[in-house]
Number of protein chains: 2
Amino acid sequence: MSARIKDVAERAGVSVTSVSRVLNGEKYISQHILDKVNQAIKELNYSPSQIARSLKKQKTDTIGVIVPDLTNYFCSTILSSIEESASEYGYNLIVCNIAENLDKELKYLHTVQEMRVDGIIIMHQKVDERILSFIESASMPILFSCVRSPLPGRYSVLINDYRAALDATEYLIGLGHRRIAFLGGDLEDITSGHSRYQGYLDALNKSGIPLNPDFIRFGNYKQESGRLMMQEILEQGEGERPTVVFAASDDMAVGAMNCILDFGLRVPEDISVMGFDDSLIASAVRPILTTMHQPARELGRTSLEYLHNLIEDRGQPECRDIYLPHRIMERASCRRI
Amino acid sequence: MSARIKDVAERAGVSVTSVSRVLNGEKYISQHILDKVNQAIKELNYSPSQIARSLKKQKTDTIGVIVPDLTNYFCSTILSSIEESASEYGYNLIVCNIAENLDKELKYLHTVQEMRVDGIIIMHQKVDERILSFIESASMPILFSCVRSPLPGRYSVLINDYRAALDATEYLIGLGHRRIAFLGGDLEDITSGHSRYQGYLDALNKSGIPLNPDFIRFGNYKQESGRLMMQEILEQGEGERPTVVFAASDDMAVGAMNCILDFGLRVPEDISVMGFDDSLIASAVRPILTTMHQPARELGRTSLEYLHNLIEDRGQPECRDIYLPHRIMERASCRRI
DNA sequence: ATGAAAGCGCTAACAG
DNA sequence: CTGTTAGCGCTTTCAT
């Protein structure tokens with residue numbers, strides 16, 4: 001593998017330029033040279049160095065993706081769909097799993113910058129000063145996927161979390177529920193956390209349903225967190241139980257549902273459960289989960305395509321935020337009362 | 001970001017060598033120079049180019065990971081644990097999601113080779129001639145994770161799939177089951193597919209239980225596949241039903257379980273279900289799944305550390321295959337009969 | 001302790 | 001249609 005372009009050129013008895021031309025599929029090369037070069041490449045088992053090429057071309061065809069948590073179904077679906085499109089467009093992905101750790105995120109941001117990626121996709125919302133200032137001074141395009149940009153004037157691809165939560169809550173109200181518990185994400189997380197909570201609040205408000213603080217909890221989007229919050233709610237006393245639980249993620253909804261089931265109660269007969277995301281786990285559990293659908297594959301694909309346009313610099317795009325449609329998946333975990 | 005090391009040097013009034021030394025934390029630099037250089041770096045918002053550095057050093061601190069399917073819980077857990085260790089050791093990851101597509105795998109293999117990654121981890125078993133020949137002639141270390149190397153003399157980190165399947169089947173036999181259905185993976189997949197099937201066969205054989213071909217099906221490890229296979233088995237007629245189903249993955253087990261449940265049967269009262277992997281989904285469903293535990297995080301960490309040793313070339317390792325221990329997770333989906 | 005200069009492997013003018 | 005050559009941005013001898 002230590003063969004360089006020069007070795008190929010010598011072996012084929014041509015100039016390095018000709019080899020380079022063959023490598024890059026340019027025209028204006030005689031069949032004769034083409035054959036000899038290909039022959040030499042094969043004989044030497046030559047593999048061109050993307051490093052050297054990147055240095056020269058000042059382009060790496062690589063994109064950095066900052067993922068909050070790889071083991072999260074929703075994240076990995078988005079990532080997989082980003083990967084699929086990236087592959088089509090000829091980009092490679094540097095995956096940065098920050099495991100909800102801001103120090104790690106900052107470190108990775110610098111790393112991908114040093115690797116001179118052509119662009120960055122961030123799927124994480126919670127940021128601090130250092131990250132904000134990095135984003136402000138970064139020279140490559142940065143796109144936020146599934147979360148809203150923390151900085152005005154940046155780009156993002158996501159659903160309208162506020163509307164989605166509002167729609168979901170109104171759907172539950174329409175089913176006759178008035179004692180609606182809410183299992184939220186992190187409030188510092190402006191998109192999923194705050195917006196979804198606000199949607200819940202406003203829906204209740206519009207219907208004149210008074211807020212019950214005992215029915216509101218905040219977790220970290222994971223299953224275990226949903227289970228814990230549900231347990232607290234259930235242990236508050238039987239008279240005070242909600243008739244439905246709306247969780248800001250499917251994982252938390254499943255955790256809550258299992259907690260209810262493990263308490264010996266039934267879903268949805270005793271308590272209904274509604275999730276958010278429509279990730280694979282929503283269809284894997286029984287009763288199959290009623291949830292708010294996020295178009296994961298479209299979000300991933302659109303993110304990549306948008307970033308690609310930014311990289312190619314096709315002028316300033318008209319809209320900086322692209323909202324994709326959400327919809328309710330009516331399934332078996334919510335009943336009319 | 002277009003500042004180069006030369007700009008920093010000029011700004012600081014020193015040579016590029018000195019800047020390079022500061023960048024690489026070498027000693028033998030005066031405090032005076034160090035201060036001036038750091039100052040200049042800050043003023044210019046300078047970020048060193050990993051590209052140029054890699055070209056010079058002939059090392060990228062990057063590892064390519066070939067993943068069969070990102071949306072698979074088990075895979076993403078392994079990947080996340082590889083990432084965690086990689087981050088500790090200072091490696092970055094190029095993630096290649098091949099979506100079970102051999103052409104894509106080959107393409108990615110060439111890509112990471114051209115990117116001059118320091119090593120490759122492959123989590124996929126099914127290969128063809130072209131891939132085999134790539135592996136044979138590759139100059140960087142290649143490690144197989146969670147699958148056995150298709151080539152003798154290569155390196156792998158995994159559990160003993162044969163023993164695990166044998167142990168699992170014997171456990172079910174010990175519970176009193178004799179009508180044991182098997183939902184396998186792809187037989188071409190030597191590790192998970194073939195070895196697990198062989199373990200099942202041998203366990204039955206050792207106990208003198210005759211084989212029932214109607215109880216054996218092969219799928220693709222995914223949930224939907226498990227559901228379909230189970231449906232076929234269930235529709236064969238009531239008298240012929242198995243008392244337990246052993247699936248070669250948790251996803252298939254969950255698919256099978258849901259099929260059973262959707263048929264109006266109970267798990268484990270009517271039919272028991274056993275999975276394989278102990279991925280997150282095993283604990284997310286009800287009844288909580290009895291399954292064969294694979295130490296996912298240890299597998300990921302060990303893989304990375306092993307590859308790191310190979311990259312650093314600490315002589316030939318004694319063993320080329322590292323087997324990690326498996327164990328049965330007795331939970332609620334299998335009953336004694 | 002500091003600097004000058006020679007590449008790392010490739011592409012892209014430019015010249016022929 | 002083909003070849004010569006000057007960098008891309010950095011590290012690293014080798015001097016000083």
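Note on naming: letters A, B, ... go to the chains in the order of the sequence lines (proteins, then strands), and numbering restarts at 1 for each one.
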Checklist entry - Can you name the residues that form a salt bridge (charged side-chain N to carboxylate O under 4.0 Å, His left out) with A/Asp321, not counting sequence neighbours? => result none

Next on the checklist: Using 0.5 Å steps for rounding, measure from the CD1 atom of B/Ile66 to the CD1 atom of B/Ile142.
Outcome noted: 9.0 Å

Checklist entry - Of B/Lys57 and A/Val16, whose nearest nucleotide on DNA chain C comes first from the 5' end? => result B/Lys57

Checklist outcome for this item: Comparing nearest nucleotides in DNA chain D, the 5'-proximal residue of the pair B/Pro48, A/Arg21 is A/Arg21

Next on the checklist: To the nearest 10°, give me the bend of the helix from C/dA1-D/dT16 to C/dG16-D/dC1, comparing the axes of its five terminal pairs at either end.
Outcome noted: 40°

Checklist entry - How would you label the contact of A/Thr17 with the nucleic acid (heavy atoms, under 4.0 Å): base, sugar-phosphate, or nothing? => result base

Next on the checklist: Under 4.0 Å, heavy atoms only, any strand: does B/Ser49 hit a base, just the sugar-phosphate, or nothing?
Outcome noted: sugar-phosphate

Checklist entry - For B/Asp118, which of B/Lys59, B/Gln58, B/His308 qualifies under side chain to side chain donor-acceptor pair (under 3.5 Å)? => result B/Lys59

Checklist entry - Going by the angle between their ring planes, with limits at 30° and 60°, are A/Tyr155 and A/Tyr306 parallel, tilted or perpendicular? => result perpendicular

Checklist outcome for this item: DNA chain D: first to last nucleotide in contact with chain A (atom under 4.0 angstrom from a heavy atom), 5' to 3', is D/dC1 to D/dG9

Checklist entry - Between B/His110 and B/Phe134, how do the two ring planes meet: parallel, tilted or perpendicular, split at 30° and 60°? => result perpendicular

Next on the checklist: A side-chain contact here means heavy atoms from C-beta on lying under 4.5 Å apart; do A/Leu102 and A/His124 qualify?
Outcome noted: yes

Checklist entry - How is B/Ile33 classified with respect to the nucleic acid when contacts are heavy atoms under 4.0 Å: base, sugar-phosphate, or nothing? => result sugar-phosphate

Checklist entry - Under the criterion side chain to side chain donor-acceptor pair (under 3.5 Å), which of A/Ser80, A/Ser85, A/Ser81 is the partner of A/Arg297? => result A/Ser80

Checklist entry - Taking for each residue the nucleotide of DNA chain C with the nearest heavy atom, is it B/Ala52 or B/Gly13 whose nucleotide lies nearer the 5' end? => result B/Gly13

Checklist entry - Of B/Ser20 and A/Ser18, whose closest DNA chain D nucleotide lies nearer the 5' terminus? => result A/Ser18

Checklist entry - Under 3.5 Å, side chain of B/Thr60 to main-chain N/O of B/Arg116, donor-acceptor pair present? => result yes

Checklist entry - What residue pairs, at least two apart or across chains, pass salt bridge (charged side-chain N to carboxylate O under 4.0 Å, His left out) with a residue in residues 39-56 of chain B? => result B/Arg11-B/Glu43

Checklist entry - Sub-3.5 Å donor-acceptor pair from the side chain of A/Ser20 to the main-chain atoms of A/Val16, do we have one? => result no

Checklist entry - When you list every nucleotide of DNA chain C with an atom under 4.0 Å from a heavy atom of chain B, which one comes first 5' to 3', and which comes last? => result C/dA1 to C/dG9

Checklist outcome for this item: Sorted by chain and number, sequence neighbours left out, side chain to side chain donor-acceptor pair (under 3.5 Å) with A/Asp161 holds for A/Arg196

